[in-house]
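Everything numeric in this text was worked out from a predicted model, so none of it was measured. Start at 1 and go down the list; that is how both ligands and their atoms are numbered.
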Amino acid sequence: MKAIRLHGRGGPDQLVYEDAPQPHPGAGEVLVRVHAAGVIASWGETYSTRAGSVRVLPIPGHDLSGVVEEVGPGVNTLSRGSAVYALTAFDRDGAEAEYTIALPGELAPKPRTLDYVQAAAVPLATLTAWQALFDHANLVAGQTVLIHGAAGGVGVFAVQLARWAGAHVIATASAHNRDFLRELGANEIIDYTTTRFEEVVHGVDLVFDLVGGDTLQHSWQVVKPGGALVSVVSPRPSFEEAKAYDVRPVWFVVEPNREQLIQIGALIDAGKLRPVIETVLPLSQARQAYEQGARGHTRGKIVLRVVDE
Ligand SMILES: NC(=O)c1ccc[n+]([C@@H]2O[C@H](COP(=O)([O-])OP(=O)(O)OC[C@H]3O[C@@H](n4cnc5c(N)ncnc54)[C@H](OP(=O)(O)O)[C@@H]3O)[C@@H](O)[C@H]2O)c1
């Protein structure tokens, strides 16, 4: 099969489009014919398996939509021909290939209102937003959340989910994303290129930080005592700062979750949530996709098309 493989540590220049062995599903596994794969804008691939051994020529990309091709022994919840989407675990080969292995607990039915390219833009970004807002921060209606990096892959879902939950949403982005974010549901938009958010925002219940660095550093002071600061960007928030400001710090790595993808799919099919895709490229151009993502100004997601619909 054709696949993207990483030929060394480094950046997108290490990605090669080439022939790779087609995987076969073992017990409890599912072989998926990948139709499209979402690109994680920031560079980063796990180089070891769960057991700790080194992954040789790993296939990146863990966001997929596709069709079940074959189920391994013991799998009775899925059948050949089912349209699916998933975030797959980071310590196995990923989805930037014609075929990949997924687990039943990762795969959910593809939202029926989305095509495969649209569906591939959903899992990682939406699960990250969902787990941040609801699992880690327990966001409820009436609270105020400040979302940094609101126009990016994760941010566009965080804005929509927070509004769906009944929160007041303040978003940071540059001016060209103002109207776009207002249409997505943000109540207030702060242009980070002209305004220091910490001078105009005070006493929020939650900051969801998708930017890091100075943005994280200046965020402690805008959270009300007892509030939370959730980050998914390295390095992790400091416990000392959190204690000084009486803010609960959270840092986490998104996890595959079939049940949450089913709920997310229902919201999408009900018209309450939508993916945003800036660029679609063929699988063979994965390197260009990552280079574009690394520039840090993608609106929504970049998706690799594996099968022409
Ligand atoms: N730990 C995890 O499980 C996990 C999961 C997913 C993502 N992440 C991390 O989360 C981060 C965000 O991911 P992503 O895919 O959403 O990124 P992304 O799509 O690359 O984000 C791009 C967006 O960031 C905005 N942006 C850039 N600088 C900004 C600033 N100083 N203030 C506000 N917005 C700014 C840009 O808006 P403008 O064009 O308007 O500047 C652009 O829309 C990445 O570091 C990623 O690695 C971690």
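- The main-chain N or O of His168 is never found under 3.5 Å from a side-chain atom of Asn187 such that the two would form a donor-acceptor pair.
- The parts of Val232 lying near ligand 1 are both backbone and side chain, judged by heavy-atom distances below 4.0 Å.
- In summary, the atoms of ligand 1 found under 4.0 Å from a heavy atom of Gly152, numbered by their order in the structure, are 16 (O), 19 (O), 21 (O), 22 (C), 23 (C), 43 (O).
- The residue from Tyr192, Phe90, Phe197 that puts a heavy atom closest to atom 35 (C) of ligand 1 is Tyr192.
- Shown here is Gln22, whose CD atom has more than 12 heavy atoms of other residues, nucleotides or ligands within 6.0 Å.
- Annotation: His148 places no N or O atom under 3.5 Å from an N or O atom of ligand 1; distance criterion only.
- Considering every non-hydrogen atom in both Gln118 and Ile277, the closest pair reads CA-CD1, 3.6 Å.
- Atoms of ligand 1 found under 4.0 Å from any heavy atom of Val253, numbered from 1 in the order shown, are 1 (N), 2 (C), 3 (O).
- With atom 14 (P) of ligand 1 as the reference point, the heavy atom nearest to it among Gly153, Gly296, Gly300, Ala158 is part of Gly153.
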* salt bridge (charged side-chain N to carboxylate O under 4.0 Å, His left out) between Asp13 and Arg287, worked out -> CA-CA 7 Å; Asp13 57 322; Arg287 186 184 293 184; over 6 Å; no
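- If you number the atoms of ligand 1 from 1 as listed, the ones under 4.0 Å from a heavy atom of Gly149 come out as 33 (C), 34 (N).
- At a cut-off of 3.5 Å, with distance as the only test, no side-chain donor of His35 or Ser65 sits close to an acceptor on the other residue.
- Near Leu210, meaning under 4.0 Å from one of its heavy atoms, ligand 1 places the atoms 10 (O), 11 (C), 12 (C).
- At a 4.0 Å heavy-atom cut-off, ligand 1 touches Thr128 through the side chain alone.
- Of the heavy atoms in Val254, both backbone and side-chain atoms come closer than 4.0 Å to ligand 1.
- Every atom of ligand 1 with a heavy atom of Val211 under 4.0 Å away is listed here by number and element: 29 (C), 30 (C), 31 (N), 32 (N), 33 (C), 34 (N), 35 (C).
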* **Worked check of side chain to side chain contact (heavy atoms under 4.5 Å, CB included) between Arg274 and Leu114** => CA-CA 9 Å; Arg274 69 175 173 93; Leu114 299 185; over 6 Å; no
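- Checking only distances, Thr298 does come within under 3.5 Å of ligand 1, N or O to N or O.
- Within the structure, ligand 1 has His176 among the residues with a heavy atom less than 4.0 angstrom away.
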* Decide side chain to side chain contact (heavy atoms under 4.5 Å, CB included) for Val306 and Tyr116; before the verdict, give the C-alpha distance in whole Å, the side-chain angles of both, and the deciding distance to 0.1 Å. => CA-CA 10 Å; Val306 184; Tyr116 286 99; over 6 Å; no
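- Some N or O of Val154 is nearer than 3.5 Å to an N or O of ligand 1, by distance alone.
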* Is there a side chain to side chain contact (heavy atoms under 4.5 Å, CB included) between Gln131 and Asn257 once you walk through the steps? -> CA-CA 10 Å; Gln131 290 169 14; Asn257 191 312; 4.1 Å; yes
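- Using a 4.0 Å cut-off to heavy atoms of Ala151, the atoms of ligand 1 that qualify are 43 (O).
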* Take Glu29 and Arg92 through the test salt bridge (charged side-chain N to carboxylate O under 4.0 Å, His left out) and record every step on the way to the result. => CA-CA 12 Å; Glu29 295 180 342; Arg92 302 195 312 265; 5.8 Å; no
* Full working for side chain to side chain contact (heavy atoms under 4.5 Å, CB included) between Val71 and Arg80 -> CA-CA 7 Å; Val71 297; Arg80 184 179 155 82; over 6 Å; no
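- Counting all heavy atoms, side chain and backbone alike, Ala102 lies closest to Glu106 at CA-OE1, 3.5 Å.
- Between Leu124 and ligand 1, not a single N/O pair is under 3.5 Å apart.
- For the pair Trp251 and ligand 1, no heavy-atom separation below 4.0 Å is found.
- At a 3.5 angstrom cut-off on N or O pairs, Val233 does not count as close to ligand 1.
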